[in-house]
Enquirer: 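So that we are looking at the same thing, I have put the structure below in structure tokens.
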Number of protein chains: 2
Amino acid sequence: MNPASSNLTNNATAASGAVSPTAGAPATPVAAAASTPVTAVASSNTTTAMPVASAAPTFSPLYQQIKALITQSLQSGEWKPGELIPSEVELAGRFKVSQGTVRKAIDELAAENLVMRRQGKGTFVSTHHEARAHFRFLRLVPDEGVPHYPESKFIEVKRVRAPADVARLMDLKSGDAVIFIKRVQYFDGVPTIVEELWLPGLIFKGLTAERLVEYKGPMYGLFETEFGTRMIRASEQIRAVCADAGAAQLLNIDLGTPLLSSERVSFTYGDKPVELRRGLYLTSRHHYQNELS
Amino acid sequence: MNPASSNLTNNATAASGAVSPTAGAPATPVAAAASTPVTAVASSNTTTAMPVASAAPTFSPLYQQIKALITQSLQSGEWKPGELIPSEVELAGRFKVSQGTVRKAIDELAAENLVMRRQGKGTFVSTHHEARAHFRFLRLVPDEGVPHYPESKFIEVKRVRAPADVARLMDLKSGDAVIFIKRVQYFDGVPTIVEELWLPGLIFKGLTAERLVEYKGPMYGLFETEFGTRMIRASEQIRAVCADAGAAQLLNIDLGTPLLSSERVSFTYGDKPVELRRGLYLTSRHHYQNELS
DNA sequence: GAGTGGTCTAGACCACCCG
DNA sequence: GGGTGGTCTAGACCACTCG
């Protein structure tokens with residue numbers, strides 16, 4: 001089905017259309033070829049009678065509606081990570097809006113790292129399989145030398161029922177099936193991070209220790225390629241704690257050594273949480289780098 | 001002097017102008033009323049002979065040049081924090097470009113938090129004297145309850161010579177005059193942050209303990225109002241450490257309690273470092289909140 | 001009602017990439 | 001050479017604010 005038949009509502013058109021379709025605006029960009037009619041929406045207190053179709057409908061700029069439509073296509077997998085999406089001109093034709101409007105929609109998607117523009121080539125769906133993306137979520141960098149990706153050693157991978165606190169953070173029900181992963185990460189052979197991950201069992205069905213081990217590189221790349229789940233953003237809470245016996249042993253440090261504790265919830269499209277990650281970082285030769293702006 | 005007489009270079013015009021000023025482009029937006037002529041700049045390998053005036057000149061989109069000019073006006077204090085800057089239409093007239101080009105320049109400045117747009121009112125120079133801005137650089141939030149600003153108690157304020165490590169981070173010479181400040185910050189009466197600040201003596205001449213004490217609210221507000229120095233962005237390195245005797249006493253905690261250590265360098269216009277801040281955060285009832293995107 | 005930023009359009013040309 | 005995103009313009013109308 002052609003996305004052009006979506007219920008886009010040009011608020012400007014809706015408002016002036018009720019009075020009199022004057023000369024000025026090019027107007028009515030949507031209804032033209034669409035199969036479903038435009039749903040007129042009263043935007044505010046401008047005029048009077050409006051043929052209000054639906055009750056409490058959407059209300060946003062056209063480019064936001066376009067952005068939402070494009071996001072839907074990204075979410076549905078119509079365009080997969082790494083792939084080229086249709087050109088601005090084509091999307092403009094499809095949605096029956098001007099190229100400038102599509103451009104503004106894509107501008108925001110690019111700012112949110114959902115897509116990447118490349119002049120002369122086109123617009124691509126972002127992917128975690130890029131050098132650029134590798135350090136977007138990895139903020140622990142060496143005090144000296146260039147940032148690089150650590151090696152992983154998996155300690156444990158198992159299916160369990162979600163504890164209450166985990167379920168709450170991941171928007172699951174307590175007792176729902178989740179996959180639990182525990183690993184240690186090494187920088188230049190030095191154990192530096194011990195991490196516990198919780199993933200919804202429903203989405204990550206079939207994730208085994210073998211697949212994790214044989215996969216090199218960021219786990220988000222694996223999640224994206226093998227399970228069709230792309231991490232979009234994450235929220236992190238950081239504290240200082242003392243190493244307990246378990247962490248001390250795994251990181252080969254003294255009991256009580258201060259460690260950075262990070263609790264991260266990652267989200268995919270629609271702000272849906274799909275990962276809880278609890279990490280302990282040894283910060284004697286590395287630090288957590290943050291840019292405030 | 002009117003900024004319109006700046007050496008703006010419309011790269012597009014420069015290129016096609018050398019061939020033949022065809023009908024299409026509106027072209028030559030700058031030279032019109034300006035006193036200094038347009039400096040034509042060869043952009044790449046498009047055409048051949050160009051009346052290259054200067055040797056290795058600027059080369060950037062028009063809107064970037066406009067952005068740079070506006071930034072200069074911000075930096076020079078022509079428009080002060082909190083003030084209204086000229087409207088887009090007026091700036092377009094002043095710079096002899098279209099409103100759309102000015103708009104794109106201001107869009108970027110707004111994205112960088114240098115200015116704030118308010119529909120119907122105008123565009124204002126950002127200031128640290130706003131509720132919105134208070135939490136831009138304060139990432140320590142309570143585990144429960146709403147974020148709020150801590151109270152400060154100043155321990156020490158003195159003029160000293162910059163130690164080597166401080167000088168290096170602040171782009172000063174070792175031994176240059178700096179102001180050293182030490183304070184403790186309280187959330188709901190509980191000492192939570194102990195902080196040491198280093199400021200260039202030249203810029204913050206006249207900063208005394210009295211003025212710090214009588215000033216309520218974020219220090220960046222004071223710096224902006226009293227010393228004309230606006231913090232634009234900051235870079236932070238975070239670690240976990242153990243409380244030493246000094247910190248333990250000031251924060252009323254046991255020796256060895258794990259603390260978050262933050263080293264922050266703040267920058268003003270032109271990426272010039274103007275503050276070094278070293279803090280120790282007690283994270284038993286608070287956490288450092290970070291959004292990854 | 002006048003002025004401001006916000007949205008939308010249409011059309012031109014550029015820089016870049018690839019076959 | 002043809003397609004893509006990037007820049008720039010001109011002009012329209014909207015939403016919002018204030019006197």
Side-chain angles (χ1 to χ4, degrees), chain A residues 8-17 19 21-30 42-47 59-67 84-92 95-107 110 115-124, chain B residues 8-30 42-47 59-67 84-92 95-107 110 115-124:
Chain A
L8 289 189
T9 70
N10 185 329
N11 308 120
T13 306
S16 64
V19 184
T22 53
T28 75
V30 175
S43 61
S44 68
N45 54 1
T46 47
T47 48
F59 167 58
S60 64
L62 245 192
Y63 76 89
Q64 288 286 3
Q65 301 177 45
I66 303 296
K67 181 185 170 188
L84 187 65
I85 77 171
S87 73
E88 296 178 355
V89 179
E90 183 180 339
L91 288 173
F95 296 134
K96 296 286 181 295
V97 298
S98 80
Q99 185 187 355
T101 300
V102 172
R103 165 165 284 272
K104 182 145 186 177
I106 295 183
D107 275 346
V115 298
M116 276 188 35
R117 330 188 71 144
R118 278 198 258 167
Q119 182 172 151
K121 300 189 71 173
T123 302
F124 297 79
Chain B
L8 290 187
T9 70
N10 185 330
N11 308 118
T13 305
S16 65
V19 185
S20 71
T22 52
T28 75
V30 174
S43 60
S44 67
N45 54 2
T46 47
T47 47
F59 167 60
S60 65
L62 244 192
Y63 76 89
Q64 288 285 4
Q65 301 177 46
I66 304 296
K67 181 184 170 188
L84 187 64
I85 77 171
S87 74
E88 296 178 355
V89 181
E90 182 179 341
L91 289 173
F95 296 134
K96 296 287 181 294
V97 298
S98 80
Q99 184 186 355
T101 300
V102 172
R103 165 165 282 273
K104 183 145 186 179
I106 295 182
D107 275 347
V115 299
M116 278 188 33
R117 330 187 71 144
R118 278 197 259 167
Q119 183 171 154
K121 301 189 71 173
T123 302
F124 297 78

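In the text below, chain A, chain B and the rest are named by the order of the sequence lines, each starting its count at 1.
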Enquirer: With respect to the phosphate group of C:dC16, does any side-chain polar atom (N or O) of A:Lys121 fall under 4.0 Å of OP1 or OP2?
Expert: no
Enquirer: What is the distance from CG of A:Asp107 to P of D:dT7, rounded to the nearest Å?
Expert: 9 Å
Enquirer: Rounded to whole Å, how long is the line connecting atom CZ of A:Arg118 with atom P of D:dG3?
Expert: 20 Å
Enquirer: On a heavy-atom basis, which atom in A:Ile106 and which in A:Ile85 lie closest, and how many Å separate them?
Expert: CD1-CD1, 4.4 Å
Enquirer: Separation of A:Ile66 atom CD1 from C:dG6 atom P, in whole Å?
Expert: 20 Å
Enquirer: List the atom of B:Ser60, the atom of B:Gln65, and the distance in Å for their closest heavy-atom pair.
Expert: O-NE2, 2.9 Å
Enquirer: Figure out the CD/P separation between B:Gln99 and D:dC14, and round it to whole Å.
Expert: 16 Å
Enquirer: Given atom CZ of B:Phe95 and atom C1' of D:dC8, what is their separation to the nearest angstrom?
Expert: 16 Å
Enquirer: Could you report the tightest heavy-atom contact between B:Glu88 and B:Gln99, atom names first, then the distance?
Expert: OE1-NE2, 3.0 Å
Enquirer: Does a nitrogen or oxygen in the side chain of A:Ser87 sit under 4.0 Å from OP1 or OP2 of D:dG3?
Expert: no
Enquirer: Hey, does the side chain of B:Ser98 come within less than 4.0 Å of D:dC8's phosphate (OP1/OP2), counting only N and O?
Expert: no
Enquirer: Would you mind telling me which of D:dT9, C:dC8, C:dT7 lies closest to the side-chain atoms of A:Lys104?
Expert: C:dT7
Enquirer: Between A:Gly100 and A:Gln119, name the one whose nearest nucleotide on DNA chain C is closer to the 5' end.
Expert: A:Gly100
Enquirer: Nearest to the side chain of A:Glu88, heavy atoms from C-beta on, is which of D:dT7, D:dG6, C:dC8?
Expert: D:dG6
Enquirer: In this structure, how many angstroms lie between the C1' atom of C:dG5 and the CD atom of B:Glu90, rounded?
Expert: 15 Å
Enquirer: Under the side-chain contact (heavy atoms from CB on, under 4.5 Å) test against A:Phe95, which residue among A:Ile66, A:Leu62, A:Thr101 passes?
Expert: A:Ile66
Enquirer: Please step through side chain to side chain contact (heavy atoms under 4.5 Å, CB included) for the pair B:Arg103 and B:Arg117, ending with a clear verdict.
Expert: CA-CA 11 Å; B:Arg103 165 165 282 273; B:Arg117 330 187 71 144; 4.0 Å; yes
Enquirer: For B:Gly122 and for A:Val102, locate the closest nucleotide of DNA chain C by heavy-atom distance; then report the residue assigned to the nucleotide nearer the 5' terminus.
Expert: B:Gly122
Enquirer: For C:dG5, does OP1 or OP2 lie under 4.0 Å from any side-chain N or O of B:Thr123?
Expert: yes
Enquirer: Between A:Met116 (CE) and D:dG5 (C1'), how many Å, whole number?
Expert: 13 Å
Enquirer: Indicate whether OP1 or OP2 belonging to D:dT4 is found under 4.0 Å from a side-chain N or O atom of A:Arg117.
Expert: no
Enquirer: Would you tell me if any nitrogen or oxygen in the side chain of B:Arg103 comes within less than 4.0 Å of OP1 or OP2 on C:dG5?
Expert: no
Enquirer: Separation of A:Lys96 atom NZ from C:dC8 atom C1', in whole Å?
Expert: 17 Å
